[in-house]
Novice: 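Before I ask anything, here is the structure I am working with.
Remember, it's 1-based here, ligands and their atoms both numbered in the order they're listed. Side chains are part of it too, since the values below use all heavy atoms of this structure and drop only hydrogens, waters and symmetry mates.
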Amino acid sequence: MPEKRYYITTPIYYVNGVPHVGSATTTLLCDAHTRYRKLRGDDAYFLTGTDEHAQKVADAAAKVGKTPQDFVDEVSQRYVECWEYLGIKYNSFIRTSEERHKKVVREIFSRLQASGDIYLGVYEGWYSVADETFFRDTDVDENGIVKETGAKVIRIQEDVHYFRLSAYGERLKAHIAANPTFLLPETRRNEVLAMIDDGLRDIAISRKNAGWGIEVPGDEGKVFYVWFDALINYLSETGWPDNENWSTLWPADAHLMAKEIYARFHATFWPAMLMGLGLPLPKHVVGHGWWTVGGEKGSKSKGNIPEPKAVVDALVAASGAAESTAKDALRYYLLRDIRFTDDSEFSLELLANRWNADLGNDFGNVLNRILKATYFDGVIPASAPLDPGLTAVAAEAVAAYEKALERFDWGSALSSVWPLLRAVNVYLAEKAPWKAAKAGETAAVAEAVYNALEGVRLATYLLSPVMPTVAAEVASQLGLESLTSGTWEDSTRFGALPGGIKTGEPAPLFPRVDTKILLAPPPPGDSAVSPSAPKGYPAKGEKSDKQPMETEAPTSNEITIDDFLKVELRVADIVAAEKVPDADKLLKLQLKIGEEDRQIVSGIATAYTPEELVGRQIVVVYNLKPRKMRGVESKGMLLAATDAEGNAILLQPDKKADSGSTVR
Ligand code: MSP
């Protein structure tokens with residue numbers, strides 16, 4: 001029997017519209033995670049695909065005068081092309097209109113019907129085509145709008161088949177309790193538990209056959225409700241039940257998605273179906289937040305969020321970088337800034353900032369500076385002593401990266417690489433090999449060059465699942481065939497860079513993005529989007545019908561909303577506090593921000609004792625560059641007013657907020 005593979009999935013995307021940076025994000029998370037698991041030695045298997053039987057898909061086809069099948073064939077192909085364009089390497093692309101899938105849907109229906117989990121009834125109530133979801137009266141306002149999603153509902157009354165979801169509440173709770181990392185992140189687990197406590201209702205799994213969908217066996221007047229059909233794709237892929245090797249894939253290791261399809265579908269309905277079938281549940285169900293645009297969810301139907309290619313084209317135009325570099329930078333931005341506990345605002349300005357600051361200054365420049373200096377005729381010095389400071393920072397970065405990825409938290413994993421890159425920059429400035437070279441201190445130059453290049457190699461190795469092309473370019477500039485030297489453990493050891501190798505041709509990795517070009521409004525009278533502003537996304541100053549934007553020139557101390565959004569403010573819980581020795585004003589606080597642990601140092605000791613702080617919620621500037629105060633690391637800054645004597649008055653949420661949630 002072949003061994004179990006590491007199996008990871010994206011949602012299958014509705015084909016009522018084309019892929020955008022939102023759907024790309026989940027697919028990229030899975031791509032990066034697959035690459036990471038492979039680096040760790042797993043035989044990882046990555047599934048994505050398209051969900052083709054939705055009513056809204058049939059409606060979209062009708063709108064353009066196409067048959068549903070022709071329409072889904074075309075749009076599904078757009079997903080295939082877009083994923084290829086972004087360098088996404090999946091093992092299989094499943095489409096729910098494929099016969100192999102339909103067969104499994106029918107098989108599951110028959111089994112659940114035979115076991116009494118499916119029964120016939122009448123549904124009278126609300127249905128939202130946009131959400132493809134049945135809603136209760138209490139979910140809908142007096143204008144027929146779903147409170148949670150803002151979508152319109154229609155009233156339906158139909159004979160339907162029901163799945164007995166109500167019978168599974170206790171078993172689901174027991175599974176969640178016994179498997180603390182089944183539902184990730186923790187905030188979403190709490191939502192699911194609250195939903196179960198509220199009482200799970202049986203769920204309609206068939207609809208009147210309007211000519212599109214998988215027909216219900218024995219009842220051809222009906223087709224399966226699209227979610228019953230769609231969730232099964234994860235199992236169809238394995239070849240269950242006929243393929244004797246189905247259990248090399250099942251149970252899935254991780255289903256990834258955004259929050260709107262988490263609790264109702266992936267964390268309750270799907271596990272209950274699997275329980276009914278006597279099949280094991282996926283190991284992790286992981287839900288991330290949304291990309292918003294002007295505070296609204298970015299979505300296909302609203303058309304307010306750009307396609308990846310439009311963003312890449314804009315980056316290329318504004319930087320002169322190669323298209324492959326721009327693709328990797330977009331990959332980096334999407335994974336660095338998507339959050340698991342909260343939403344993130346998609347902004348070209350923030351993307352440019354990540355490019356110029358993180359990728360250009362902190363990452364690309366170091367390598368270029370060293371290689372251009374051609375110390376030792378471009379040959380990496382052999383057997384230089386390892387710098388203990390860098391060795392320690394590198395070990396911490398690797399540990400934090402691995403820990404974050406146990407929770408699939410790519411944002412934290414990526415940010416944990418930056419202390420290493422910053423340390424390399426500081427190290428180089430301190431060691432100043434250019435001066436040592438002039439002074440003829442060959443051993444000192446060799447040590448500085450080797451250690452700095454090794455820092456870059458290791459950081460690049462950790463970034464490689466997210467920026468594969470850039471990583472290959474760095475390897476080639478370092479004169480290496482590969483950044484790895486065997487196992488994950490070998491490759492993440494500081495000092496794995498082989499000495500004595502002739503480095504390749506230096507070239508700047510991330511030429512600066514000119515934000516004026518990137519954010520340029522379209523020329524007057526041009527109704528199309530500006531060539532550099534991605535389609536579907538308003539350039540700065542351009543009016544969007546979704547959200548009017550500032551057009552007047554700001555006065556001296558005014559800032560734009562984009563300026564403000566650069567500051568990430570988050571709610572944090574104080575879990576421990578103590579005085580900083582020999583500093584009257586400073587307290588060292590240990591914080592929990594979402595699932596992350598952090599330490600900050602703050603000058604509030606004249607106003608608060610450590611004891612009265614523990615257990616409080618505060619607001620912190622989350623993305624402040626870390627610094628040391630009296631030699632103690634501080635990562636972020638808390639917000640406080642001051643009284644007449646200059647004592648701090650802490651700002652705290654009016655009532656308990658989710659830890660890690662954004663403040664705006
Ligand atoms: N077809 C269903 C999923 C069935 S899975 C068995 C569906 N499709 S969808 O096309 O609407 O895709 C939803 C998913 O796309 C989200 O859960 C998320 O993974 C991704 N995203 C779509 N818009 C997004 C944002 N604005 N932000 C982040 N992710 C986004 O629901």
Novice: Does at least one non-hydrogen atom of I261 fall below 4.0 angstrom from an atom of ligand 1?
Specialist: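 Right, I261 reaches ligand 1.
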Novice: Would you call the rings of H288 and F340 parallel, tilted or perpendicular if under 30° counts as parallel and over 60° as perpendicular?
Specialist: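 Perpendicular: the ring planes of H288 and F340 meet at over 60°.
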Novice: Nearest to atom 23 (N) of ligand 1, what protein heavy atom do you find, and at what distance?
Specialist: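 For atom 23 (N) of ligand 1, the nearest protein heavy atom comes out as H20 CE1, 3.4 Å.
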Novice: Among protein heavy atoms, which sits nearest to atom 27 (N) of ligand 1, and what does the distance come to when rounded to 0.1 Å?
Specialist: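 Atom 27 (N) of ligand 1 sits closest to the protein heavy atom W291 N, 2.9 Å.
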Novice: Please confirm whether H53 and F224 have ring centers closer than 6.0 angstrom.
Specialist: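 No, the ring centres sit 6.0 Å or more apart.
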Novice: Could you find the nearest protein heavy atom to atom 15 (O) of ligand 1 and give me its residue, atom name and distance?
Specialist: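 Here the nearest protein heavy atom works out to Y13 CE2, 3.3 Å.
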Novice: At less than 4.0 angstrom from any non-hydrogen atom of D51, what atoms of ligand 1 do you find?
Specialist: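 Near D51, meaning under 4.0 Å from one of its heavy atoms, ligand 1 has 1 (N), 2 (C), 4 (C).
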Novice: Do the side chains of K4 and D253 get close enough for a salt bridge, i.e. N-O under 4.0 angstrom?
Specialist: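 Looking at K4 and D253, the cut-off is met.
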Novice: Please check whether A230 reaches ligand 1 - meaning an N/O of the residue sits under 3.5 Å from an N/O of the ligand, judged on distance alone.
Specialist: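 No, A230 has no N/O under 3.5 Å of an N/O on ligand 1.
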Novice: Got the closest protein heavy atom to atom 3 (C) of ligand 1, with its distance?
Specialist: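 In this structure, atom 3 (C) of ligand 1 has I12 O, 3.2 Å as its nearest protein heavy atom.
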Novice: Looking at the rings of Y401 and Y36, which for Trp means the six-membered one, are their centres under 6.0 Å apart?
Specialist: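 Ring centroids of Y401 and Y36 are less than 6.0 Å from each other.
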Novice: Would you confirm whether the ring centroid of F182 sits within less than 6.0 angstrom of the ring centroid of W270?
Specialist: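 No, the ring centres sit 6.0 Å or more apart.
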Novice: Go through the steps to decide whether R111 and E107 satisfy the test salt bridge (charged side-chain N to carboxylate O under 4.0 Å, His left out), and finish with yes or no.
Specialist: CA-CA 6 Å; R111 289 193 186 205; E107 175 68 27; 2.8 Å; yes
Novice: Are any of the heavy atoms in W270 under 4.0 Å away from ligand 1?
Specialist: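 Not so, W270 does not reach ligand 1.
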Novice: How does E132 reach ligand 1, if at all, at less than 4.0 Å between non-hydrogen atoms: by side chain, backbone, both, or neither?
Specialist: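 Neither part.
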Novice: Could E406 and K283 be called an ion pair, given the rule that one side-chain N must be under 4.0 Å from one carboxylate O?
Specialist: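 So E406 does not pair with K283 through a salt bridge.
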Novice: Taking atom NZ as the centre, does K63 end up with more than 12 heavy-atom neighbours from other residues, nucleotides or ligands that are less than 6.0 angstrom away?
Specialist: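 12 or below, so no.
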Novice: What atoms of ligand 1 come closer than 4.0 angstrom to any heavy atom of T26?
Specialist: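 Answer for ligand 1: 18 (C), 19 (O), 20 (C).
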Novice: Does any N or O of ligand 1 fall below 3.5 Å from an N or O anywhere on W290, backbone included?
Specialist: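 The answer is no, given that W290 and ligand 1 share no N or O pair closer than 3.5 Å.
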Novice: Is there any N or O on E260 that sits under 3.5 Å from an N or O of ligand 1?
Specialist: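 Yes, since at least one N or O of E260 sits under 3.5 Å from an N or O of ligand 1.
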Novice: Quick one: does G289 get a heavy atom under 4.0 Å from ligand 1?
Specialist: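 Right, G289 reaches ligand 1.
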Novice: Please list, in number order, the atoms of ligand 1 under 4.0 Å from a heavy atom of G298.
Specialist: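 Close to G298: 23 (N), 25 (C), 26 (N).
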Novice: Could you tell me the residue and atom name of the protein heavy atom closest to atom 10 (O) of ligand 1, and the distance to it rounded to 0.1 Å?
Specialist: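 For this ligand atom, the closest protein heavy atom is K300 NZ, 2.7 Å.
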Novice: Which bit of Y234 gets closer than 4.0 Å to ligand 1, counting heavy atoms only: side chain, backbone, both or neither?
Specialist: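 Y234 to ligand 1: side-chain contact only, backbone stays beyond 4.0 Å.
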Novice: Is it true that K259 lies under 4.0 Å from ligand 1, counting heavy atoms only?
Specialist: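 So K259 does not count as touching ligand 1.
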Novice: I'd like to know whether the aromatic ring centres of F346 and W291 sit less than 6.0 Å apart in this structure.
Specialist: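 When the ring centroids of F346 and W291 are compared, they turn out to be within the sub-6.0 Å range.
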Novice: Check this for me - ligand 1, Y14, N or O atoms closer than 3.5 angstrom, yes or no?
Specialist: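 Yes - when backbone and side-chain N and O of Y14 are compared with those of ligand 1, one distance drops under 3.5 Å.
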Novice: With under 30° as parallel and over 60° as perpendicular, where do the rings of Y90 and F93 fit, or are they tilted in between?
Specialist: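 Rings of Y90 and F93: tilted, as their planes differ by 30° to 60°.
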Novice: Do side-chain atoms of S166 reach the backbone of L200 as a donor and acceptor pair under 3.5 angstrom?
Specialist: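 No.
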Novice: Taking I593's backbone N and O only, do any of them form a donor-acceptor pair with E596's side chain (distance below 3.5 Å, no angle check)?
Specialist: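 Not confirmed, E596 side chain does not pair with I593 backbone.
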Novice: Output the list of atoms in ligand 1 that are nearer than 4.0 Å to some heavy atom of A258, sorted by atom number.
Specialist: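 Result: 16 (C), 17 (O), 18 (C), 19 (O), 29 (N).
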Novice: Could you point out which residue of F134, F269, F109, Y123 forms a ring pair (Phe, Tyr, Trp, His ring centres under 6.0 Å) with Y225?
Specialist: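 Among F134, F269, F109, Y123, the one meeting ring pair (Phe, Tyr, Trp, His ring centres under 6.0 Å) with Y225 is F134.
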Novice: In the protein, which heavy atom is nearest to atom 24 (C) of ligand 1, and how far is it?
Specialist: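 Scanning the protein heavy atoms, the shortest distance from atom 24 (C) of ligand 1 goes to G22 CA, 3.7 Å.
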Novice: Which atoms of ligand 1 have any heavy atom of H288 under 4.0 Å away?
Specialist: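 Within the 4.0 Å cut-off of H288, ligand 1 contributes 28 (C), 29 (N).
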